[in-house]
Amino acid sequence: MPAFQTSPGMRDILPPESERWRRFTDIFADTVERAGYGELISPLLEDLGVFTRIGDATDVVTKEMYDFIDKGDRHIALRPEVTASVCRSFAQHRPTTPWKVFYSGPNFRYERPQRGRYRQFEQVGIEVLGVDDPLLDVEVIALAWEFYARLGLRQVNLIINSLGEPDDRARYVEALRAHFDQAGSALSEQSRSTLIRNPLRVLDSKREPDQRFIESAPQIADFHSPEAAEHFESVCAGMSALHIPFEVEPKLVRGLDYYRRTIFEFQGETLNSAQNALGGGGRYDGLVEALGGPSTPGIGFALGVDRTLLACDDEGVFGPEPTELDAFVVDVTGGLHATEITADLRGAGLAADRGYDNRSMKAQMKLANRSGAQFAVIIGDDEVSAGTAVVKPLRTDDEQITIARSDLIAHFSQDTTTGTDSS
RNA sequence: GUGGUCAUAGCUCAACAGGUAGAGCACCAGGUUGUGAUCCUGGCGGUUGGGGGUUCAAGUCCCCUUGGCCACCCCA
């Protein structure tokens with residue numbers, strides 16, 4: 001056992017898995033940049049107050065926050081999510097609207113880790129501030145949908161709901177409270193304490209005794225104001241126009257208190273664990289104001305990288321891809337020639353690696369094979385005295401050839417431009 | 001935070017009812033006097049997560065501790 005290991009819920013992402021992570025964020029960035037979103041790079045640390053605005057009834061704020069006092073007596077927290085930071089940034093810089101941004105990076109929540117749930121976890125997401133249009137809701141959801149499609153994921157279920165305007169939501173919460181109060185002690189103990197803090201969340205309970213009360217609970221749709229109902233109808237109509245399959249789930253409430261009106265969640269069909277939420281989001285029209293900015297509508301989503309990748313594993317899509325090398329230089333004359341040749345190849349824009357420590361030819365050829373390189377470039381005493389190099393194909397049965405050292409770069413440049421074009 | 005379960009070589013696992021640790025893969029070296037991916041041979045590698053206890057004897061039983069996983073909770 002090593003002297004040190006990662007602390008709970010933290011882990012190293014090693015190659016080749018890390019390459020897949022980067023490709024994941026690259027594809028995400030490409031997807032949303034084509035829709036007019038620009039990247040916002042915001043701090044991992046914020047004033048604690050930025051996050052307490054998320055809502056004091058959410059566990060994310062009350063018990064999962066990593067916070068500390070810094071040397072200047074400021075109360076600082078590691079971000080548990082990014083939406084609040086985006087709104088803080090908007091309130092601080094007052095960019096012109098619509099402000100369409102995306103982000104990717106780590107977030108921190110102090111929870112008990114398990115598969116698909118870590119204390120440091122990666123999310124990608126987008127946020128749009130300053131637009132009330134329900135067709136923006138459609139665009140936002142559709143971009144997530146498109147991203148899943150680009151990864152190759154097929155077994156993803158989209159569920160949506162509307163929490164109504166703040167007043168609708170408040171009336172609904174009271175109705176729920178009254179409903180569950182009737183149940184009295186028949187309700188599970190945990191749900192009874194949840195009921196005091198946040199009646200909406202009782203709908204999330206998976207405990208058996210609660211189920212029949214959840215079944216018979218009032219429906220949010222009955223509390224929608226005409227405006228909220230119209231907004232939601234437009235969202236559904238837009239989704240249908242794009243032929244994106246979705247399901248309206250009246251019991252979907254989501255965890256963060258700032259949500260208003262449209263909310264949605266993507267669930268992985270193949271993930272039968274409790275951590276099946278691949279991503280989710282919704283409208284949070286009051287959040288910028290709560291952070292000291294002007295009254296501004298907002299909507300966005302966040303997608304969990306870990307869980308999405310787990311779903312990809314289950315579907316056998318978007319696997320790690322081995323790094324591609326054009327050449328691996330085997331030099332059994334001490335290594336100085338390999339130093340020159342790899343530098344030349346790399347300088348010409350080719351991908352080249354080499355063996356070290358002047359190991360035996362057999363050992364270096366094994367490395368060459370394992371490296372995934374297309375060709376081995378072999379330098380021995382004969383080649384040095386003749387001023388040549390041996391080029392041996394490693395992926396085909398073609399014969400190796402001997403060419404002049406001076407022709408090496410030209411040979412490879414030609415071969416790779418006419419050869420495998422992976423783009 | 002609560003409950004359950006597990007922890008043996010770098011990885012995946014084995015070791016009858018307590019008797020002093022083994023395989024496959026990986027890695028290294030040879031078989032092939034310059035040439036990998038196959039095959040054969042050999043080698044490296046573990047104070048059995050850590051600490052304490054019971055016993056003549058503990059990977060195996062008991063307690064504590066650390067960590068993983070699962071469920072609750074919550075969410076990505």
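We name chains A, B, ... by the order of the sequence lines, and we start the count at 1 in each one.
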Quiz item: How does protein contact run along nucleotides 33-39 of chain B, one letter per nucleotide 5' to 3', with B for base contact, S for sugar-phosphate only, - for none, heavy atoms under 4.0 Å?
Solution: -BBBS--
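B/U41 and B/U5 have their C1' atoms separated by 43 Å, given to the nearest Å. The P atoms of B/A14 and B/G24 are separated by 16 Å, rounded to the nearest whole Å. Comparing B/G67 with B/C75, their C1' atoms are spaced 23 Å from each other, to the whole Å. Rounded to a whole angstrom, the distance from the C1' atom of B/A9 to that of B/G4 is 29 Å. Atom name C1', nucleotides B/C28 and B/U65: the rounded distance is 38 Å, in whole Å. Using atom P as the reference point in both B/A71 and B/C27, the two lie 35 Å apart (nearest Å).
Both A/Pro8 and A/Phe266 lie close to RNA chain B; mapped to their nearest nucleotides by heavy-atom distance, the more 5′-ward contact belongs to A/Pro8. Of the residues near RNA chain B, A/Val305 and A/Ser205, the one whose nearest nucleotide (by heavy atom distance) lies more toward the 5' end is A/Ser205.
By the neighbour-count criterion of 12 heavy atoms within 6.0 Å, atom CZ of A/Arg154 is sparsely surrounded, having that number or fewer from other residues, nucleotides or ligands. For CZ of A/Phe246, the number of neighbouring non-hydrogen atoms (other residues, nucleotides, ligands) closer than 6.0 Å is greater than 12.
Between B/C28 and A/Arg359, a contact under 4.0 Å exists linking OP1 or OP2 to a side-chain N or O. Proximity of A/Arg201 to the phosphate of B/C75: a side-chain N or O atom is located under 4.0 Å from OP1 or OP2.
Annotation: side-chain contact (heavy atoms from CB on, under 4.5 Å) contacts of A/Glu265 (sequence neighbours excluded): A/Ile159, A/Leu252, A/Arg254, A/Gln267, A/Ala277. For A/Arg346, the side-chain contact (heavy atoms from CB on, under 4.5 Å) partners at least two apart in sequence or on another chain are A/Thr342, A/Ala352, A/Asp353. For A/Glu139, the salt bridge (Lys or Arg N to Asp or Glu O under 4.0 Å) criterion is met by A/Lys100, not counting sequence neighbours. Checked against side-chain contact (heavy atoms from CB on, under 4.5 Å), A/Leu135 has the following partners two or more places apart in sequence or in another chain: A/Asp133, A/Val138.
For an aromatic pair to be called close, the ring centres must be under 6.0 Å apart, and A/Tyr284 with A/Tyr259 fails this.
The side chain of A/Glu111 lies closest to B/C74 when the candidates are B/C74, B/C69, B/C75.
Distance check: A/Arg88 CZ to A/Asp47 CG gives 10.0 Å after rounding to the nearest 0.5 Å.
In this model, a donor atom of one side chain and an acceptor atom of the other lie less than 3.5 Å apart for A/Arg150 and A/Thr31.
For the strand RNA chain B, secondary-structure stems (runs of at least three Watson-Crick or G-U pairs, all distances below 3.5 Å) span B:1-7 with B:66-72, B:10-13 with B:22-25, B:27-31 with B:39-43, B:49-53 with B:61-65.
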